[in-house]
Chemist: 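Pasting in a structure now, in structure tokens, and then I'll have a few things to ask.
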Amino acid sequence: MSTNINTETTSRHKGGWWSLSPLVVFLCLYLVTSLLVNDFYKVPITVAFLLSSCYAIAITRGLKLEQRIYQFSVGAGNKNILLMIWIFVLAGAFAQSAKQMGAIDATVNLTLHILPDNLLLAGIFIAACFISLSIGTSVGTIVALTPVAVGLAEKTGIDLPYIVAIVVGGSFFGDNLSFISDTTIASTKTQDCVMRDKFKVNFMIVVPAALIVLGIYIFRGFSLSASPQIQEIEWMKVIPYLIVLGTAIAGVNVMVVLLLGIISTGIIGLCTGIDLFNWFGAMGTGITGMGELIIITLLAGGMLETIRYNGGIDFIISRLTRHVKGKRGAEFSIAVLVSIANLCTANNTIAIITTGPIAKDIALRFHLDRRKTASILDTFSCLIQGIIPYGAQMLIAAGLASISPLSIIGNLYYPFCMGTFAILAILIRYPKRYS
């Protein structure tokens with residue numbers, strides 16, 4: 001590419017509602033159409049993203065077609081997008097090789113053996129909450145637990161989107177609260193507050209929501225009855241999942257975790273009679289099975305970068321902060337600000353980094369407690385990230401379970417409950433000490 005392209009595409013335009021229209025096109029094509037025809041598979045999400053991406057390129061002003069495509073490609077080739085794709089590739093290879101050598105079946109049998117039938121749903125939710133709190137990432141939690149959840153659904157007859165939604169919901173508990181979560185670090189750094197203080201505020205807001213959701217899963221579990229034909233537990237085949245969970249909880253990088261998982265499935269598979277080429281074949285099948293997910297991620301990254309370049313995020317930020325009056329209005333403006341930024345970036349950490357300085361300015365202007373604003377930034381970004389069908393967490397969960405992201409959203413409890421409590425915390429000025 002020429003130097004001229006690089007220079008022109010780093011400039012920004014003054015955005016308007018038109019700059020956000022690609023997101024509206026996508027939501028209408030995928031979400032609205034699916035709801036109207038009552039079939040989440042009528043419009044493939046790849047087609048919805050392709051058409052909205054073409055529209056985003058078409059409406060970009062002041063650039064030649066080649067330059068518009070280059071700008072789109074800048075977003076698709078973003079280092080965060082490519083890192084996400086690496087995780088998808090490794091996750092697909094691990095999930096399929098674990099299935100091939102029997103690790104998933106062995107782990108499912110162990111889970112059914114340990115947990116009583118009526119505590120199975122609650123147990124999965126607690127496991128997701130604990131792991132995500134320990135490792136600070138929802139993606140790592142979803143990668144580790146979704147294949148087990150799929151196996152449990154097959155053994156017990158639980159609705160597959162329902163049990164996958166339990167994993168996705170629980171994964172955001174730790175993403176929101178953990179001291180080592182990117183969102184916690186970003187929200188506290190942008191607001192100049194101590195992580196411990198932000199944790200206290202967050203804890204008081206989201207833990208009641210988690211307890212209510214846990215109660216729902218316990219109640220729903222009363223009617224659950226697992227299949228009595230539980231096979232004998234093959235302890236050796238459980239080792240890959242123990243390695244994955246153990247290294248994840250220890251805080252090891254998610255890519256290293258998955259590599260260790262792949263290697264352990266291969267070694268144990270070879271020891272238990274799996275052919276070397278069958279292992280290679282399983283990994284290949286798992287990787288190619290992530291093809292649609294990778295395409296979606298690239299298209300989403302490009303489209304959202306085009307929205308940013310056209311001034312969409314700057315426009316909505318300026319519109320929201322124009323008529324703020326009073327503490328409640330100021331807190332709500334921060335919540336809406338980070339929510340819309342998250343809708344436009346599909347990354348809660350980037351949304352916080354983008355809107356954090358503005359939130360800090362609003363907090364100073366209206367004398368808000370920075371610990372509360374940090375909590376609002378983190379909680380509302382996790383809420384939106386947890387319910388958008390094109391977020392990394394939803395895509396990877398849907399990819400591993402081979403279901404539609406929209407079918408998962410319809411079964412989510414925790415993100416919506418967390419969001420409700422966060423809104424109430426603003427309305428009733430809770431916690432009082434930090435309001």
Chemist: Can any side-chain N or O of Thr297 pair as donor or acceptor with the backbone N or O of Ile85 at less than 3.5 Å?
Modeler: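 Absent.
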
Chemist: For Ile45 and Pro389, work out which heavy atoms get closest and say how close.
Modeler: CD1-O, 4.0 Å

Chemist: Using every non-hydrogen atom in the two residues, find where Pro147 and Ala95 come nearest and quote the distance to one decimal.
Modeler: CG-CB, 4.4 Å

Chemist: Within the 4.5 Å heavy-atom criterion, are Thr60 and Phe72 side-chain neighbours or not?
Modeler: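 No, every pair of side-chain atoms sits at 4.5 Å or beyond.
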
Chemist: How long is the gap from CD1 on Ile262 to CG on Leu90, to the nearest 0.5 Å?
Modeler: 5.0 Å

Chemist: Looking at every heavy atom in both Phe125 and Gly170, which two are closest together, and how far apart are they?
Modeler: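 The answer is CE1-CA, 3.7 Å.
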
Chemist: Measure from the side-chain N and O atoms of Tyr241 to the backbone N and O of Ala98, and report whether any donor-acceptor pair falls under 3.5 Å.
Modeler: no

Chemist: If we only count heavy atoms from C-beta on, is the Arg328 to Arg429 side-chain gap below 4.5 Å?
Modeler: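 Side-chain contact under 4.5 Å: yes.
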
Chemist: With distance as the sole test, does Lys327 use its side chain to make a donor-acceptor pair with the main-chain N or O of His367 at under 3.5 Å?
Modeler: yes

Chemist: Any sub-3.5 Å donor-acceptor pair from Thr184's side-chain atoms to Ser178's backbone N or O?
Modeler: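 Checked: pair present.
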
Chemist: Is the closest side-chain heavy-atom distance between Tyr390 and Leu23 below 4.5 Å?
Modeler: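 Tyr390 vs Leu23: side chains touch.
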
Chemist: Compare all side-chain heavy atoms of Ile69 with those of Leu65 and state whether any distance is below 4.5 angstrom.
Modeler: yes

Chemist: Can you list everything that forms a salt bridge (charged side-chain N to carboxylate O under 4.0 Å, His left out) with Asp378? Sequence neighbours excluded, please.
Modeler: Lys198

Chemist: Keeping to residues at least two apart or across chains, list the side chain to side chain donor-acceptor pair (under 3.5 Å) pairs with something in residues 43-55.
Modeler: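 Listed once each, the pairs are Ser21-Tyr55.
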
Chemist: Take Leu343 and Ile388, measure what side-chain contact (heavy atoms from CB on, under 4.5 Å) needs, and give me the verdict at the end.
Modeler: CA-CA 7 Å; Leu343 279 171; Ile388 53 175; 3.5 Å; yes

Chemist: Measuring from atom CD1 of Ile352 to atom CD1 of Ile185, what distance do you get when rounded to the nearest 0.5 angstrom?
Modeler: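 If I round to the nearest 0.5 Å, the distance is 10.5 Å.
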
Chemist: Between Ile387 and Phe416, does a side-chain contact (heavy atoms from CB on, under 4.5 Å) hold up when you go through it step by step?
Modeler: CA-CA 8 Å; Ile387 62 175; Phe416 288 110; 3.7 Å; yes

Chemist: Does the side chain of Ser333 come within less than 4.5 Å of Phe366's, by heavy atoms?
Modeler: no

Chemist: Could you measure the distance from the CZ atom of Phe421 to the OG1 atom of Thr379? Nearest 0.5 Å is fine.
Modeler: 12.5 Å

Chemist: Check whether any side-chain heavy atom of Phe380 sits under 4.5 Å from a side-chain heavy atom of Asn342, and report yes or no.
Modeler: no

Chemist: Quick check: closest heavy atoms across Ala56 and Asn310, and the distance to 0.1 Å?
Modeler: O-ND2, 4.3 Å

Chemist: Any chance the rings of Tyr162 and Tyr413 have centres within less than 6.0 Å?
Modeler: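 Yes, ring centres under 6.0 Å apart.
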
Chemist: If you round to the nearest 0.5 Å, how far is OG1 of Thr272 from NZ of Lys237?
Modeler: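 That separation rounds to 5.0 Å.
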
Chemist: For Pro161 and Ser407, which heavy atoms make the closest approach, and how far apart are they?
Modeler: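 Heavy atoms of Pro161 and Ser407 come nearest at CB-O, 3.5 Å.
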
Chemist: Which atoms form the tightest heavy-atom contact between Leu400 and Ala91, and what is the distance?
Modeler: CD2-O, 4.2 Å

Chemist: Please name all residues satisfying side-chain hydrogen bond (donor to acceptor under 3.5 Å, both in side chains) with Ser132, sequence neighbours left out, ordered by chain then number.
Modeler: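 Listed in chain order: nothing, the list is empty.
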
Chemist: Return the CZ to OG1 distance between Arg68 and Thr306, rounded to the nearest 0.5 Å.
Modeler: 10.5 Å

Chemist: May I ask you to test the Ile87-Met255 pair for a side-chain heavy-atom distance under 4.5 Å?
Modeler: yes

Chemist: Please tell me if the side chains of Phe203 and Pro431 come closer than 4.5 Å, counting only heavy atoms from C-beta onward.
Modeler: no

Chemist: Any sub-3.5 Å donor-acceptor pair from Asp369's side-chain atoms to Arg371's backbone N or O?
Modeler: yes

Chemist: Does this structure show an ion pair linking Arg308 with Glu305, if we count only N-O contacts that are shorter than 4.0 Å?
Modeler: yes

Chemist: Just say parallel, tilted or perpendicular for the rings of Phe26 and Phe49, cut-offs at 30° and 60°.
Modeler: parallel

Chemist: Rounded to the nearest 0.5 Å, what separates atom CG in Asp197 from atom OG in Ser375?
Modeler: 11.5 Å

Chemist: Report the C-alpha distance between Tyr414 and Cys382 in whole Å, list the side-chain angles of each, state the deciding distance to 0.1 Å, and finish with yes or no for side-chain contact (heavy atoms from CB on, under 4.5 Å).
Modeler: CA-CA 11 Å; Tyr414 179 71; Cys382 284; over 6 Å; no

Chemist: Can you see whether Gln393 engages Ser138 through a side-chain donor-acceptor pair at a distance of less than 3.5 angstrom?
Modeler: yes

Chemist: Begin from the C-alpha positions of Gln71 and Gln67 and carry the test side-chain contact (heavy atoms from CB on, under 4.5 Å) through to its verdict.
Modeler: CA-CA 6 Å; Gln71 185 61 35; Gln67 295 168 328; over 6 Å; no

Chemist: For Lys99, does the NZ atom sit with more than 12 other heavy atoms under 6.0 Å from it, leaving out its own atoms?
Modeler: no

Chemist: Test Thr373 against Gln191 for side-chain hydrogen bond (donor to acceptor under 3.5 Å, both in side chains), laying out the working first.
Modeler: CA-CA 7 Å; Thr373 58; Gln191 302 309 298; 3.1 Å; yes

Chemist: Test your reading of the model: is there a side-chain donor-acceptor pair from Ser97 to the backbone of Phe280, 3.5 Å cut-off?
Modeler: no

